[in-house]
Amino acid sequence: MSAAEFAAAQWTRATGAGVDPHEYRRVTGGLSTVADWGPAFVRTGQAYLQRAEDAGSAVSAGEHLLMAARWFHLATLAPYAEAGRAAAAADRALGSALAVLEPGARRVSGEGFTGLLRGPSDAPGTVVVVPGLDSAKEEFLDLVSALLARGLAVFAMDGPGQGALAATSSLQPDYEQVVGRVIDALGVTRIGLVGLSLGGYFAARTAALEPRVAAAATVSGPFRLDWEELPPPVRDIMSLRTGGDDAARAFARHVDLAALAPRITAPLLVVDGGEDVIPGVTNGEPLARLAPRGTHLSVPHGDHLLGNARPDWLPRLTDHIQQALQEESPRGGATEAE
């Protein structure tokens with residue numbers, strides 16, 4: 001794949017993550033090969049770090065740091081020997097940004113996870129945002145902002161094999177165990193859960209097996225994977241993130257929600273893009289159909305992660321989580337975290 005083709009394929013994902021489309025075109029327009037992607041995106045992130053140092057206000061510095069986090073994360077989407085360092089830089093930039101913009105935000109880490117807890121301590125619910133195969137918490141800052149705007153607390157996390165932990169751990173299918181430790185660490189009794197891409201599988205699986213999930217939503221999440229039909233680039237990423245081809249094959253065999261979907265008792269919104277067609281991936285309609293309180297939202301023109309159709313799903317998803325957590329609150333919206 002040429003650099004131009006790769007940049008076109010990542011266009012809505014990158015702009016959906018919040019980078020300026022004009023800057024994206026400038027950066028990717030100067031790439032000779034896909035191998036140039038990582039270094040170019042890291043340089044762009046470093047330029048935002050410099051802007052933060054030179055900023056005339058704390059708010060401007062924080063905004064530049066948030067943008068740096070996005071560019072550093074996006075550097076990891078192409079094969080890149082320094083991807084681990086780029087992911088670490090994204091994590092540091094996000095933490096530094098929130099230290100300036102939201103002093104109440106706090107880092108929470110434990111076995112197999114790290115992330116940042118944001119929002120009011122008396123929120124009617126806490127939402128855990130789960131990334132996917134090669135995404136990370138820095139990719140979904142706008143989703144987090146929309147949830148925060150609805151009065152919710154949000155924990156955006158990296159789990160095993162993801163983001164800041166990708167260089168030192170591997171993806172695991174029993175992600176519900178990780179989320180269980182997250183809930184314990186946060187000190188909450190109920191959560192909302194939003195999973196994106198492969199994170200949709202993790203979120204649905206957790207909603208079926210973790211009774212403290214009170215509301216859930218998936219975006220472009222797989223219902224089932226067929227390893228033999230997956231495109232080579234997807235298999236390559238899965239092999240990298242799981243620790244080899246054999247581990248990836250075994251992982252893919254676990255991704256099947258047929259038996260678990262009927263056990264999801266929480267309100268569940270399943271969002272799919274009509275243009276999101278990947279060989280070997282069964283999208284979310286069966287999940288919504290089999291879950292007792294499932295609803296399917298298909299956006300005909302939406303692609304993977306629906307970065308090209310945000311108004312068609314993002315408000316509905318965040319309203320769904322807010323309303324479900326308020327309705328399910330055992331204390332009518334009182335604080336659940338001390």
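Between the Thr76 side chain and the His73 main chain, a donor and an acceptor come within less than 3.5 Å of each other. Remark: the backbone N or O of Gln177 is not paired with any side-chain donor or acceptor of Asp174 at under 3.5 angstrom. Gln162 contributes a side-chain N or O that, together with a main-chain N or O of Pro131, makes up a donor-acceptor pair within less than 3.5 Å. The backbone N or O of Ser2 lies less than 3.5 Å from a partner atom in the side chain of Glu5, making a donor-acceptor pair. The backbone N or O of Leu325 lies less than 3.5 Å from a partner atom in the side chain of Arg190, making a donor-acceptor pair. Between the Thr114 side chain and the Gly110 main chain, no donor and acceptor come within less than 3.5 Å of each other. Formation of a donor-acceptor pair under 3.5 Å by the Asp54 side chain with backbone atoms of Arg51 is not found in this model. Proximity of a side-chain donor or acceptor of Thr218 to a complementary backbone N or O of Gly221 within less than 3.5 Å is not detected. Distance alone, capped at 3.5 Å, places no donor-acceptor pair between the Asp312 side chain and the Gly302 backbone. A distance-only check finds a donor-acceptor pair linking the side chain of Thr33 to the backbone of Ala35 [under 3.5 Å].
Residue pairs that meet the salt bridge (charged side-chain N to carboxylate O under 4.0 Å, His left out) test with at least one member in residues 8-17, sequence neighbours left out, are Arg13-Asp134, Arg13-Glu139. The stretch residues 260-274 participates, sequence neighbours left out, in these side chain to side chain donor-acceptor pair (under 3.5 Å) pairs: Asp272-His296.
Residue Glu228 qualifies as enclosed at atom CD: its count of foreign heavy atoms under 6.0 Å is above 12.
Residues satisfying the salt bridge (charged side-chain N to carboxylate O under 4.0 Å, His left out) criterion with Arg85, sequence neighbours excluded, are Glu82. Contacts of Tyr24 classified as ring pair (Phe, Tyr, Trp, His ring centres under 6.0 Å), with partners at least two apart in sequence or in another chain: Trp11. In this structure, Phe251 has no ring pair (Phe, Tyr, Trp, His ring centres under 6.0 Å) partners at least two apart in sequence or on a different chain. Listed by chain and residue number, nothing satisfies the side chain to side chain donor-acceptor pair (under 3.5 Å) test with Glu53 (two or more places apart in sequence, or in another chain). For Asp303, the salt bridge (charged side-chain N to carboxylate O under 4.0 Å, His left out) test picks out no residue, with sequence neighbours left out. Remark: Trp313 pairs with no residue by the ring pair (Phe, Tyr, Trp, His ring centres under 6.0 Å) rule, at least two apart or across chains. Shown here are the salt bridge (charged side-chain N to carboxylate O under 4.0 Å, His left out) partners of Asp91, two or more places apart in sequence or in another chain: Arg107, Lys137. Taking Arg25 as the reference, nothing meets the salt bridge (charged side-chain N to carboxylate O under 4.0 Å, His left out) condition, with sequence neighbours excluded. His64 is linked by a side chain to side chain donor-acceptor pair (under 3.5 Å) to nothing, counting only residues two or more places apart in sequence or in another chain. Arg235 is linked by a side chain to side chain donor-acceptor pair (under 3.5 Å) to nothing, counting only residues two or more places apart in sequence or in another chain.
Heavy atoms only, all atoms of each residue included: Ser169 and Gly161 are closest at OG-N, 2.9 Å. The two residues Tyr48 and Ala68 come nearest to each other via the heavy atoms CB-CB, 3.7 Å. Closest approach of Ala185 and Phe113 over heavy atoms only: CB-CZ, 3.8 Å. Closest approach of Ile183 to Glu210, counting heavy atoms only: CD1-CG, 3.8 Å. Considering all non-hydrogen atoms of both residues, Ala75 and Val42 come closest at CB-CG2, 3.8 Å. For the pair Ala204 and Ile264, the tightest heavy-atom approach, listed with the atom from each and the gap, is O-CD1, 3.5 Å.
Put simply, the side chain of Val255 does not reach to within 4.5 Å of the side chain of Arg224, judged on heavy atoms. Side-chain atoms of Val213 and Thr206, non-hydrogen and from C-beta on, do get closer than 4.5 Å to each other. Side-chain contact check for Thr282 versus Pro222: every heavy-atom pair is 4.5 Å or farther apart.
Follow the hydrophobic side-chain contacts under 4.5 Å out from Met1 and you never reach Leu133; the two are in separate clusters. Taking hydrophobic clusters as Ile, Leu, Val, Met, Phe, Trp and Tyr residues chained together by side-chain heavy-atom distances below 4.5 Å, Leu193 shares a cluster with Leu117. Put simply, Leu141 and Leu65 are part of two different groups of oily side chains (I, L, V, M, F, W, Y) that touch within less than 4.5 Å, one to the next. Both Tyr201 and Ile278 sit in one connected hydrophobic cluster of ILVMFWY residues. Membership requires side-chain heavy atoms under 4.5 Å apart, directly or through other members. No chain of hydrophobic side-chain contacts below 4.5 Å, direct or via other Ile, Leu, Val, Met, Phe, Trp or Tyr residues, connects Phe72 to Phe41.
With Phe202 as the aromatic partner, Arg205 does not meet the cation-pi criteria of under 6.0 angstrom to the ring centre and within 45 degrees of the ring axis.
In this structure, the separation between CD on Glu176 and CG on Leu209 is 5.0 Å, given to the nearest 0.5 Å. For the atom pair CG (Leu305) and CG (Asp276), the distance works out to 7.5 Å, reported to the nearest 0.5 Å. Glu285 CD to Leu290 CG: the interatomic distance, rounded to the nearest 0.5 Å, is 8.0 Å. The structure places CD1 of Ile191 at 8.0 Å from CZ of Arg212, a figure rounded to the nearest 0.5 Å. Distance CG/Leu306 to CD/Glu275: 10.5 Å, rounded to 0.5 Å. The line from CZ of Arg249 to NE2 of His254 is 15.5 Å long, rounded to the nearest 0.5 Å.
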TODO: Show your reasoning for whether side chain to side chain contact (heavy atoms under 4.5 Å, CB included) applies to Leu297 and Leu317.
DONE: CA-CA 9 Å; Leu297 172 60; Leu317 181 148; over 6 Å; no
- [ ] Would you sort out whether Trp37 and Phe6 count as a ring pair (Phe, Tyr, Trp, His ring centres under 6.0 Å), showing the intermediate values?
- [x] CA-CA 9 Å; Trp37 176 282; Phe6 188 82; 4.8 Å; yes
TODO: List the steps, then state whether side-chain hydrogen bond (donor to acceptor under 3.5 Å, both in side chains) holds for Thr12 with Thr15.
DONE: CA-CA 5 Å; Thr12 60; Thr15 56; 5.8 Å; no
Open item on the list: Could you walk me through whether Asp142 and Arg70 satisfy the salt bridge (Lys or Arg N to Asp or Glu O under 4.0 Å) test, starting with their C-alpha distance in whole Å, then the side-chain angles of each, then the deciding distance to 0.1 Å, before giving a yes or no?
Closed with: CA-CA 11 Å; Asp142 288 355; Arg70 292 176 168 102; 3.2 Å; yes
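Arg253 has no carboxylate O lying under 4.0 Å from a charged side-chain N of Asp226, or vice versa, which leaves the two without a salt bridge.
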